[in-house]
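If you're wondering where the values come from, they're calculated on a predicted model, not measured in any experiment. Just so you know, these numbers use all the heavy atoms, side chains as well, and skip hydrogens, waters and symmetry mates.
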Amino acid sequence: MPRLSEVIAALENLWPAERAESWDAVGTVVGDPGQEVTRVLFAVDPVQEIVDEAVKLGADLLVTHHPLYLRGTTTVAATHFKGRVVHTLIKNDIALHVAHTNADTADPGVSDALAGALDLRVVRPLVPDPTDPQGCRGLGRVCELDHPVTVRELAARAAARLPATAQGIRVAGDPDAVVRTVAVSGGSGDSLFDQVRAAGVDAFLTADLRHHPASEAVAHSPLALLDAAHWATEWPWCELAAAQLDEISDRHGWDLRVHVSKTVTDPWTAHAASTTTTNHMGAPN
């Protein structure tokens, strides 16, 4: 069985920490480099529900996309929910490793997995990494469809292919407009509208779109917006990352058991649709 240090070295080769944004908190959070690793669990969020799943599974290593302490801390006391996560991990000899923005821009990375889930053909990064001479790494992806579809059909595809959440898929723009090219970005993407417009795509699928940036984006052009749940757009990366580690394990003869959590950790738990009305005289007072 490999040591944790060996598995972490392999993960760092996939997602080097130096490629993370300066504000990010990636890498190993908890873990003894000398401990043996036999079972690994991938998930989006390092929350208690996922850690409890890792304990029940008998995992030695939990790999998450989101950091546990993004802004640092002065305590890991179990009186706080993040401290309880740390205590549970250490008590059960489970290491925690984070790959966040270094996985976003990787080749393949978070947006490649999102594109793959929707059967989109990746053409290039939306925001290329200037340090990559091959032009494959970067944030987001510009994609093409095998055949044109309407915005409505693309939204239905996203709703069917991505994990189910209370939010589903919100659409801005003409639902019957034709889509041939799509920009995708896993996670929060409304900071990328300038690059999306420059790419000249018909639609942009991402998460966490806010009112004003979305309103301005659709006023600028016929660009259609598809807004999915943050967690749902990043979960496909867990399956991609698990497959990558499986391949590494086979190559090294490690015989790791690699799992992907299917626990929904999107914070939104219910959705009440607005009542359809024929009154177009304005919003209620």
Side-chain angles (χ1 to χ4, degrees), residues 1-20 24-70 72-73 76 78 80-110 112-113 163 186-187 231 234-265:
M1 290 296 105
R3 302 288 179 180
L4 175 63
S5 59
E6 296 176 278
V7 179
I8 295 301
L11 298 182
E12 287 283 359
N13 189 54
L14 293 173
W15 318 298
E18 60 268 21
R19 291 186 188 148
D24 207 358
V26 301
T28 305
V29 181
V30 171
D32 178 352
Q35 75 182 70
E36 288 189 345
V37 176
T38 61
R39 198 180 295 269
V40 182
L41 178 65
F42 282 85
V44 175
D45 297 302
V47 294
Q48 190 66 46
E49 191 174 8
I50 295 297
V51 173
D52 290 343
E53 182 179 346
V55 172
K56 185 175 181 180
L57 184 66
D60 310 292
L61 171 61
L62 171 62
V63 181
T64 66
H65 183 51
H66 289 154
L68 178 62
Y69 288 107
L70 184 58
T73 187
V76 293
H80 188 267
F81 71 93
K82 292 190 176 185
R84 287 196 298 276
V85 164
V86 173
H87 278 250
T88 305
L89 290 167
I90 292 175
K91 283 181 179 179
N92 291 276
D93 293 322
I94 302 172
L96 171 62
H97 186 80
V98 173
H100 191 210
T101 53
N102 48 334
D104 286 334
T105 58
D107 173 36
V110 172
D112 292 289
W231 173 84
E234 294 179 331
W235 184 85
W237 171 80
C238 294
E239 291 195 320
L240 169 65
Q244 289 177 288
L245 183 56
D246 261 332
E247 189 277 327
I248 292 169
S249 173
D250 290 344
R251 183 164 14 107
H252 290 286
W254 287 346
D255 195 28
L256 290 177
R257 297 173 180 86
V258 182
H259 306 262
V260 174
S261 173
K262 291 181 170 57
T263 301
V264 177
T265 55

### Query
Can you tell me how far the CD1 atom of I50 sits from the OG1 atom of T88, to the nearest 0.5 Å?
13.0 Å
#### Entry: P16 versus N102, closest heavy-atom pair with distance
O-CB, 3.3 Å
### Task
Write down the atom of A25, the atom of P67, and the distance for their closest heavy-atom approach.
O-CB, 3.4 Å
### Message
Could you measure the distance from the CD atom of E36 to the CG atom of L4? Nearest 0.5 Å is fine.
### Response
11.0 Å
### Message
To the closest 0.5 Å, what do you measure between CG (D45) and NE2 (H66)?
### Response
5.5 Å
### Query
Do E53 side-chain atoms and S261 backbone N/O form a donor-acceptor pair below 3.5 Å?
no
### Query
Taking the inter-plane angle between the rings of H252 and W254 on a 0 to 90° scale, is it parallel (under 30°), tilted (30 to 60°) or perpendicular (over 60°)?
parallel
#### Entry: Heavy-atom side-chain proximity of M1 to D255 below 4.5 angstrom
yes
### Approximate separation, where rounding is to 0.5 Å, of L11 CG and E6 CD
12.0 Å
### Task
Locate the shortest heavy-atom distance separating A99 from W15; write the atom from each residue and the value.
CB-CE3, 3.6 Å
### Query
Would a 4.5 Å heavy-atom cut-off, applied to side chains only, mark L245 and V63 as touching?
no
#### Entry: Side chain D24, main chain T101, donor-acceptor under 3.5 Å
yes
### Task
Would you indicate whether the side-chain heavy atoms of L68 and V86 approach each other to under 4.5 Å?
yes
### Closest heavy-atom pair and its distance - A106, D112
O-OD2, 3.7 Å
### Message
If you apply the rule side chain to side chain contact (heavy atoms under 4.5 Å, CB included), what do you find for Y69 with K82, and how did you get there?
### Response
CA-CA 8 Å; Y69 288 107; K82 292 190 176 185; 3.5 Å; yes
### Message
Apply side chain to side chain contact (heavy atoms under 4.5 Å, CB included) to residues I248 and L14 and explain how you reach the verdict.
### Response
CA-CA 10 Å; I248 292 169; L14 293 173; 4.0 Å; yes
### Query
Relative to the ring of W237, is the ring of H65 parallel (under 30°), tilted (30 to 60°) or perpendicular (over 60°)?
tilted
### Query
Between H87 and V76, is there a donor-acceptor pair closer than 3.5 Å when you use the side chain of the first and the backbone of the second?
yes
### Query
Is a side-chain N or O of S249 found less than 3.5 angstrom from the main chain of L256, in a donor-acceptor match?
yes
### Task
Considering non-hydrogen atoms only, spot the tightest contact between V98 and V26 and give its length.
O-CB, 3.6 Å
### Summary
When every non-hydrogen atom of L41 is compared with those of V260, the smallest separation belongs to CD1-C, 4.0 Å
### Task
Examine distances only and state if a side-chain atom of E234 and a backbone atom of V110 form a donor-acceptor pair shorter than 3.5 Å.
no
### Task
Starting at CG of D246, measure out to CZ of R257 and round the result to the nearest 0.5 Å.
11.5 Å
#### Entry: V30 and I94: CA distance, side-chain angles, deciding distance, side chain to side chain contact (heavy atoms under 4.5 Å, CB included) verdict
CA-CA 8 Å; V30 171; I94 302 172; over 6 Å; no
### Message
Donor-acceptor pair, distance only, cut-off 3.5 Å: does the side chain of D60 make one with the backbone of T38?
### Response
yes
#### Entry: E239 side chain reached by F42 side chain, heavy atoms, under 4.5 Å
no
### Query
Are T265 and E49 close enough that a side-chain donor and a side-chain acceptor fall under 3.5 Å?
no
### Query
Rounded to the nearest 0.5 Å, how far does CD1 of I8 lie from NE2 of H97?
4.5 Å
